[in-house]
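Structure first, commentary second.
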Amino acid sequence: MPRHPVQALAVAPGPTPRIYAALAETVYCLSPSTFELVSQWTAPAAPLQGKPQPLKQDTKENEEEEADEEEEVAEEGATAEAADVVMTEASAPVVGKRKRSPSASNDAAPVNPEPAPTADKSKKTKRGGKKKKNTGVIPPKAYPNYIGHMLLVPGRNVLAVTTLEDKTLRLLSQDTLQVVKEWTLHKRPSSIALIDNDSTIVVGDKFGDVYSFTIPPPSGALPEDSADNKLLLGHVSMLTTLTTASSSSSSSSSSSDGSNGHGTAKHKKYIITADRDEHVRVTNHPLTHVIHGFCLGHTQFVSRLLVTSSNRLISGGGDDWLGVWDWQNTNLLQTVEVRSILEGLFSESELKHLVEKMKTYNRRRRRREDEDEENSLSIGVNNILEVEAGGRGKEVVVIFEGVPAILRFKCNSDGGLEYISSIPTPGPVLSSTSDGAKVYIGCDGDSESLICCIDFTNDQPSVEKIFNGHSIEGVEVEEGEVDAVNERLYTVEVLRKGFGGMLEDD
Amino acid sequence: MENSPVPNPTKRQKRIDYRNADHHDALPQKKYYRQRAHANPFSDHRLSYPVSPDEMDWSDYFPAYFSKKRKLDDTAADAKEDEAEEGDTSAASDRPANPVTGIPLDTKKVEIADIGCGFGGLLISLAPTFPETLILGMEIRTQVTAYVQDRITALRNQSLAAKKEGTDGDGEAAAVPGGYQNIGIIRGNAMKFLPNFFERHQLSKMFFCFPDPHFKARKHKARIISPTLLAEYAYILRPGGIIYTITDVEDLHLWMAKHLEEHPMFERLGEQEQEEDVCVKIMRTDTEEGKKVARNKGSKWVACFRRVEEPV
């Protein structure tokens, strides 16, 4: 049985370096020299969907919510995603109203918290066959509480970890992986980053909103202040990624790899967000009600952003090209074509095989369009990283979903990108992080290479298989589970429009 | 939300027949354009929108004011050619004028937006009130958009005919300043794509008339006025620009006023200033929804907010 691949990676530099690898619901803290297990933490099981409720009415509502959930998440970026928080806020009258049309606010059907079977029935007929699951009790499903993102907070000795099913952000101590602090998120997180000299975590969610969370200072006192769960900004679209930047031209961007972030207070700070509807938006921080501008040019979803050390923004997603932006003036400086590079890496039969393979990653969903393009690779950027390539200066590494190779680009003096070469990997790269001149990757497919490393100080950087998982339990993926697991791991291409929706949907 | 459960075949056929027939500049009849009152702002729909405001070809919506941006066969080579030509025209000091109306082309930008314009009552009243200003209605429902488009086309034609005859005519459109050339309608999702249409500080007025109330608490993000969307409206509105809101749902009115009041980029117009604003009067009486509320003797709540200067 194949091993579950590593879906998220983080590296802690310093005197006692650590590698953090997330496999399904567990975070493993490893020593990078010996790969002995230092500690591990497993996410608690997520509360079951459609919590059992004492009141008949409520149960029914939760069922509907569940029925809604998958559909809407897939199709429109999490409209109905477990609105538990909102639901509890909603007072009884609102719950009653939600079934009726606005103009009918004066008609009968009294708002009654008691389970009245007649009212129940009338509601059903009103909704007339719209929901298939209205009858009977649906047993709540237990989804594994996958680790979503890991982000090291420099100077605080904590690792920020999101879990996708219980929608929680936690701070784990760097060595023991004990939970220091946790926040319940409103919606499923889609991206996290650091801002304000690494004192604040910003979390973007699938509903399009960005919230901030202040990391408690090491002095001990945990101020329950207003910066917990503060809504900073929002898109009416699925937020795919975010990063932070500062107006200084001399590097102080703290991107998701959490390298550095020591911009002085004089420089203006910004949050850059991207969504499934092709937008890249630059918002002031902390004055997040002031939008600085939009970097418009993409014609497909944008899935990754990176602010380079030369303060250029690199954007990638479902387009055939990467964008290089002067983000402060929202100018697109360069489009770096990648389709021909990627397709040139493979022979015709290899390419065909790869395209077929990629179609299997999300079986439950179906493409509605471009079914005729058989040998055309679906391009979806999984990650963009910057590395210190020894004497060669900075290089940018781009990882594409499902492609067993990564692309290297040279950063020119003007901030533009120039293709250097590709590095073949033992399988599609699912997770990646950079640490100085090294890039760590987690690949799918080769059980011998759970974590690989690429050292960019070499003239010809290549993949070294450094860890086969000997010291950790890991997870084995059973035959019948492969599809379900793939669906959790390959999440980029799903952002493409015309791909959404469940099978019965059209 | 376009796939309504079971379309009535006769109704549908009537609609098709009606839409295919030539109506000689007669105003369209609403009954052939009915559509359910709501659309989900989060779903993809099948919208066309420009990649950025620079790419927008306004000539389809305001033919009197804009020249065609692209040729019909839009190949890459053509696009390049176009760009070159464009460069030439912008360099020339005197721009070509529209042969019919005599209005100089490509000198104006849309300045007023009616978000969720519905059947277009407000647009049509605003047109002669601001004859020199381009006003765009945005509506997410296809049928309703088609109705407003046909209505505008008919009004324009009536107005041109009246002008030609040199008489005051008897049609609704006769002798109307601007000849309805200054209003346009576009199908779109304003909650997602306003920045694709309008650049920073482009608009001077935005109208939100009788928006979908979205009563459910968990649907509040679908409301057209929300704390996060207000940042986008502030971005496309110029300092001093005004957001107009009107609704017959008191809860929604309180919600909109609360969020606008709390937003640092907006300040509320005083009672007197609000009541003296001609747009407020039009908004109360001339929107289709406003008329309906008046017929039902319902209440209407108005709140207007000015976009303040941004902090330095």
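Below, chain A is the first sequence line, B the second, and so on; all start at residue 1.
- A parallel orientation is assigned to the rings of B:Y49 and B:F193, their planes being inclined by less than 30° (bins at 30° and 60°).
- Heavy atoms of A:D209 lying under 4.5 Å from chain B belong to its backbone as well as its side chain.
- In this structure, the side chains of B:V110 and B:Y61 stay at 4.5 Å or more apart for every pair of heavy atoms.
- The aromatic rings of A:H279 and A:F294 stand perpendicular to each other, their planes meeting at an angle above 60°, with 30° marking the opposite boundary.
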Check: Between A:Y211 and A:H186, is a ring-ring contact (aromatic ring centres under 6.0 Å, His included) present by the stated rule, with each step listed?
Finding: CA-CA 9 Å; A:Y211 291 86; A:H186 294 270; 4.5 Å; yes
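- Neither the backbone nor the side chain of B:D248 comes within contact range of chain A; no heavy atoms are under 4.5 Å apart.
- Under the 4.0 Å criterion applied to side-chain N and carboxylate O atoms, A:R496 and A:E493 are assigned as salt-bridge partners.
- In this structure, no portion of B:E199 lies under 4.5 Å from any heavy atom of chain A.
- A salt bridge between B:K292 and B:E288 is absent, with no side-chain N of the basic residue lying under 4.0 Å from a carboxylate O of the acidic one.
- Proximity to chain B (any heavy atom under 4.5 Å) is shown, for A:L232, by neither the backbone nor the side chain.
- Heavy-atom distances place the side chain of A:L287, and not its backbone, under 4.5 Å from chain B.
- Comparing B:P311, B:A234, B:P264 by how many heavy-atom pairs each has under 4.5 Å with chain A, the most go to B:P264.
- The candidate with the highest count of non-hydrogen atom pairs below 4.5 Å against chain A, out of B:N296, B:L230, B:N196, B:N189, is B:N196.
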